[in-house]
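Before any comments, here is the structure.
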Amino acid sequence: MKKIAVLFCLLIPLLLAACVKIYAVPVSPVTATPAATAISTASPMPSPSASSFLPAATPAAGTPTPYTGPALYTSYAYMVSYNPSTGYADFDYFDLLQGKDAVKWLVSQEGYSQAEAEKVVADFADSEFIEKNTNPQLRTIDLSGLPLKLMYDKNGNMDDYVKSFNATIADLNALYALDSSLVLDSFFYKVHVTDGTVISVEQVYWP
């Protein structure tokens with residue numbers, strides 16, 4: 001009986017071992033830690049803006065071209081050339097001297113004595129004058145859009161009472177096409193200027 005009991009006791013652990021399943025605990029694989037990415041602190045190059053690909057702005061149509069020639073002021077002048085396709089005219093300014101201004105000119109520029117100059121000027125008719133034109137510069141003026149006064153209408157006719165006609169650039173072009181001498185060689189002009197801007201141009205009747 002004792003032998004049987006001993007054998008039975010030895011068999012129990014074997015039987016229990018046969019019924020037990022042993023599970024292996026899975027071990028997570030060790031992976032290498034990725035190296036830290038370097039972060040640049042430099043400012044990124046700016047991307048070109050859309051405006052950098054656009055063409056340079058151009059003046060709007062109808063915008064007058066800024067005047068860059070000799071100073072403009074109200075004066076008598078000869079129109080020495082005209083371009084009807086652009087409306088631009090070249091003017092030669094001059095001073096119309098009468099009275100004391102004429103006497104001063106004769107004394108300072110022509111060698112007259114004061115008495116001689118005064119006598120000459122005193123004998124001037126009302127329409128006589130001395131033309132002072134010592135500056136060769138021409139002034140180019142855009143006549144398109146300006147109020148104009150001409151001694152002829154567009155058909156080349158003068159007023160019976162020698163009055164000027166209100167005119168447009170179209171009237172001036174028609175007169176120039178008819179006979180350019182009526183524009184350039186018959187009467188001189190007066191250019192009216194305010195604050196450096198030409199406001200009107202008129203042909204002057206001077207008997």
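Heavy atoms only: backbone and side chains are in, while hydrogens, waters and symmetry mates are out. The structure displayed is predicted, hence computed values, not measured ones.
- Residues Leu150 and Tyr82 are members of one and the same hydrophobic cluster, defined by side-chain heavy-atom contacts under 4.5 angstrom among Ile, Leu, Val, Met, Phe, Trp and Tyr.
- At a threshold of 4.5 Å between non-hydrogen side-chain atoms, the residues Met79 and Leu143 count as touching.
- Between the side chain of Ser127 and the backbone N or O of Pro207 there is at least one donor-acceptor pair closer than 3.5 Å.
- Rounding to the nearest 0.5 Å gives a distance of 5.5 Å between CG of Asp90 and CG of Leu138.
- Within the 4.5 Å cutoff, side-chain heavy atoms of Asp123 are placed close to those of Lys119.
- Ser164 approaches Met151 most closely through the heavy-atom pair CB-SD, 3.9 Å.
- Closest non-hydrogen pair, Gln203 versus Val183, comes out as NE2-O, 4.0 Å.
- Under the 4.5 Å side-chain contact rule for hydrophobic residues, Phe188 and Leu97 do not share a cluster.
- With a 6.0 Å radius and a threshold of 12 heavy atoms from other residues, nucleotides or ligands, Asp126 has its CG atom at or below the threshold.
- No chain of hydrophobic side-chain contacts below 4.5 Å, direct or via other Ile, Leu, Val, Met, Phe, Trp or Tyr residues, connects Phe124 to Phe94.
- Counting all heavy atoms, side chain and backbone alike, Ile199 lies closest to Thr194 at CD1-OG1, 3.4 Å.
- A donor-acceptor pair under 3.5 Å links the side-chain atoms of Asn135 to the main chain of Gln137, judged by distance alone.
- Taken to the nearest 0.5 Å, the OH atom of Tyr152 stands 11.0 Å off from the CG atom of Leu178.
- A distance-only check finds no donor-acceptor pair linking the side chain of Trp206 to the backbone of Phe187 [under 3.5 Å].
- In this structure, NZ on Lys154 lies 8.0 Å from OG1 on Thr168, to the nearest 0.5 angstrom.
- At distances below 3.5 Å, at least one donor-acceptor pair connects side-chain atoms of Asp153 with backbone N or O atoms of Asn155.
- The structure places NZ of Lys104 at 8.0 Å from NZ of Lys132, a figure rounded to the nearest 0.5 Å.
- Linking Ile, Leu, Val, Met, Phe, Trp and Tyr residues whenever their side-chain heavy atoms come within less than 4.5 Å leaves Trp105 and Leu96 in two separate clusters.
- For the 3.5 Å distance criterion, the side chains of Asp142 and Ser144 qualify, holding a donor opposite an acceptor.
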Are Lys149 and Asn166 close enough, and set up right, to give a side-chain contact (heavy atoms from CB on, under 4.5 Å), and what steps lead you there? CA-CA 5 Å; Lys149 286 189 175 182; Asn166 292 323; 3.3 Å; yes
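- Here the shortest heavy-atom pairing between Asp179 and Ser181 reads OD1-OG, 2.6 Å.
- Panel note: side chain Tyr93, backbone Tyr73; a donor-acceptor pair is recorded below 3.5 Å.
- For Phe165, the CZ atom counts as densely surrounded, since its 6.0 Å shell holds more than 12 non-hydrogen atoms of other residues, nucleotides or ligands.
- Once rounded to the nearest 0.5 Å, the distance linking CG of Asp185 with OH of Tyr78 reads 11.0 Å.
- Contact of the Val191 side chain with the Leu72 side chain is not registered, since no non-hydrogen atoms from C-beta on lie closer than 4.5 Å.
- With rounding to the nearest 0.5 angstrom, the CD atom of Gln98 is 9.5 Å from the CD1 atom of Ile130.
- Hydrophobic cluster membership is shared by Leu148 and Ile141, with clusters built from Ile, Leu, Val, Met, Phe, Trp and Tyr side chains linked at under 4.5 angstrom.
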